[in-house]
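Just below is one structure, and these are the notes that go with it.
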Amino acid sequence: TDLKNDPDVRSHRFPVWLPGGEHFLYIAVGRAGTGGGAGRVDSSLRLSSRDGSVSRDLMPCQSSATYADGQILTVHDGILMARPFSLDKLDFTGPARPVCDGVLALPAAHLSVMDATSNGVLTYASGGGGFGNSRMYQIDREGTNLGELGDPLMTIGNNLSPDGKFVALSKPDPQAGTFDIWILEIERNLMTRLTFESETELAPVWSPDGSQ
C-alpha cells in the first residue's frame, strides 16, 4: 500500500490475509480532524490484493478486523460484530450481528484485542479500553505510596527526568485519536502539553542532563 496516494489517511495498519493468500484486509485510519472523538468511526476496513489490482473500502469501522469461517469480525463500541463475507464475491452477503459484548478495543490504536480461527475458536480480552483507565502514583524508595499524580489516563511510555522532578509521558488527544507528549511537574502535580502536531508522538526519553 502507498500512503502518498492516500492523502486523507495517516496510517495503514493491521493487515490480515484472507484464505488463499491473494487478498488481505487492513485498516485505513483517517487524518486528525476527519472524524469525531473517542469511539468515532474515522477509519475504514479495506480489501486489497497482493498484486495491487484490488483496493477498495468495505465499510467504516472503529478498529482492526479478522476473518474466520465466512465471517469478518470487528469490534464496535465494545461489541464484537460478525458479518458474513463471500470469498468468491469478495464482498459482504448480509448485515452484521452481535456476538458478544465487553470486548477490548484500544481507540487510539484502532486495535481490536481479539482473534478467531477457521474452526470456530474465538479469543478476546475483555475491558473498556477508554482514555482514562490507568493511574500514576509516586512511590518512594521504601515503597511508601506518596499519592496519585495527575488525572486518570492512558499512556504509552513515561520517563522520569534525571533530577526526579518531572515525568515526560505520551497521552492521547481524545478528539484527534493521536498521542502527544506531556510534561508532569511532580511537586505541583501539574501537567503541561508539549507537542501539538497532527500525528502521534510516543515514548519520550530524557537526555542525561534533563534539558531535552
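Since this is a predicted model, take the numbers as computed values, not measurements.
Here the CG atom belonging to Asp91 is positioned 6.5 Å from the CZ atom belonging to Phe85, to the nearest 0.5 angstrom. Rounded to the nearest 0.5 angstrom, Arg83 CZ and Leu45 CG are separated by 9.5 Å. Atom CG of Leu194 and atom OG of Ser170 lie 12.0 Å apart (nearest 0.5 Å). Taking CD1 of Ile183 as the start and NZ of Lys165 as the end, the distance is 14.5 Å to the nearest 0.5 Å. Atom CD of Gln71 is separated from atom CZ of Arg97 by 5.5 Å, given to the nearest 0.5 angstrom. Note that the CG atom of Leu184 and the CG atom of Asn189 stand 6.0 Å from one another [nearest 0.5 Å].
Residues Val103 and Ile79 do not share a hydrophobic cluster, clusters being chains of Ile/Leu/Val/Met/Phe/Trp/Tyr side chains in contact below 4.5 Å. Each of Tyr67 and Phe24 belongs to its own hydrophobic cluster when Ile, Leu, Val, Met, Phe, Trp and Tyr are linked at side-chain heavy-atom distances under 4.5 angstrom. In this structure, Ile72 is not a member of the same hydrophobic cluster as Val16, with clusters built from ILVMFWY side-chain heavy atoms closer than 4.5 Å.
Between Phe14 and Ser112, the closest side-chain pair of non-hydrogen atoms is not below 4.5 Å. Looking at heavy atoms from C-beta onward, Asp6 lies in side-chain contact with His12 at the 4.5 angstrom threshold. Counting heavy atoms from C-beta on, the side chains of Glu185 and Thr192 never come closer than 4.5 Å. With contacts defined as side-chain heavy-atom distances shorter than 4.5 Å, the pair Leu87/His23 does not qualify.
Checked by atom type and distance alone, the side chain of Thr200 pairs as donor or acceptor with a backbone atom of Phe179 at under 3.5 Å. Side-chain N or O atoms of Arg13 include one that pairs as donor or acceptor with a backbone N or O of Ala109 at under 3.5 Å. Counting only distance, with no hydrogens or angles, the side chain of Asp57 and the backbone of Met59 share no donor-acceptor pair below 3.5 Å. Arg50 places no side-chain N or O within 3.5 Å of a backbone atom of Gly52 that could act as its donor or acceptor partner. In terms of modelled atom types and a separation under 3.5 Å, the side chain of Ser55 and the main chain of Ser48 share no donor-acceptor contact. The backbone N or O of Glu22 sits nowhere less than 3.5 Å from a side-chain atom of Ser49 that would complete a donor-acceptor pair. With hydrogens and angles disregarded, no donor-acceptor distance shorter than 3.5 Å links the side chain of Ser11 to the backbone of Val29. A distance-only check finds no donor-acceptor pair linking the side chain of Ser44 to the backbone of Leu58 [under 3.5 Å].
Between Leu122 and Cys100 the shortest heavy-atom distance is CD2-SG, 4.5 Å. Here the closest non-hydrogen pair linking Pro162 and Pro208 is CG-O, 3.3 Å. Minimum heavy-atom separation, Ala116 to Ala68: CB-CB, 3.7 Å. For the pair Pro84 and Pro95, the tightest heavy-atom approach, listed with the atom from each and the gap, is CD-O, 3.4 Å. The two residues Leu73 and Leu80 make their nearest non-hydrogen contact at CB-CD1, 4.1 Å. The nearest pair of heavy atoms linking Met114 to Tyr124 is CB-CB, 3.6 Å.
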I would like to know whether Leu25 and Leu47 meet side-chain contact (heavy atoms from CB on, under 4.5 Å); could you show each step before the answer?
-> CA-CA 5 Å; Leu25 309 171; Leu47 171 74; 4.1 Å; yes

Under the side-chain contact (heavy atoms from CB on, under 4.5 Å) rule, what do Cys61 and Ile27 come out as? Steps first, then yes or no, please.
-> CA-CA 8 Å; Cys61 67; Ile27 299 297; 3.4 Å; yes

Asp77 and Gln62: CA distance, side-chain angles, deciding distance, side-chain contact (heavy atoms from CB on, under 4.5 Å) verdict = CA-CA 8 Å; Asp77 291 341; Gln62 291 178 343; 2.9 Å; yes

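For the salt bridge (charged side-chain N to carboxylate O under 4.0 Å, His left out) test, no residue two or more places apart in sequence or in another chain qualifies with Asp69.
Note on ring orientation: taking the six-membered ring where Trp is involved, the planes of Phe166 and Trp206 are tilted (angle from 30° to 60°).
Side-chain N/O atoms of Thr123 and Asp115 include no donor and acceptor closer than 3.5 Å. Side-chain contact of Ser86 with Asp88: a donor-acceptor pair under 3.5 Å is absent, judged by distance alone.
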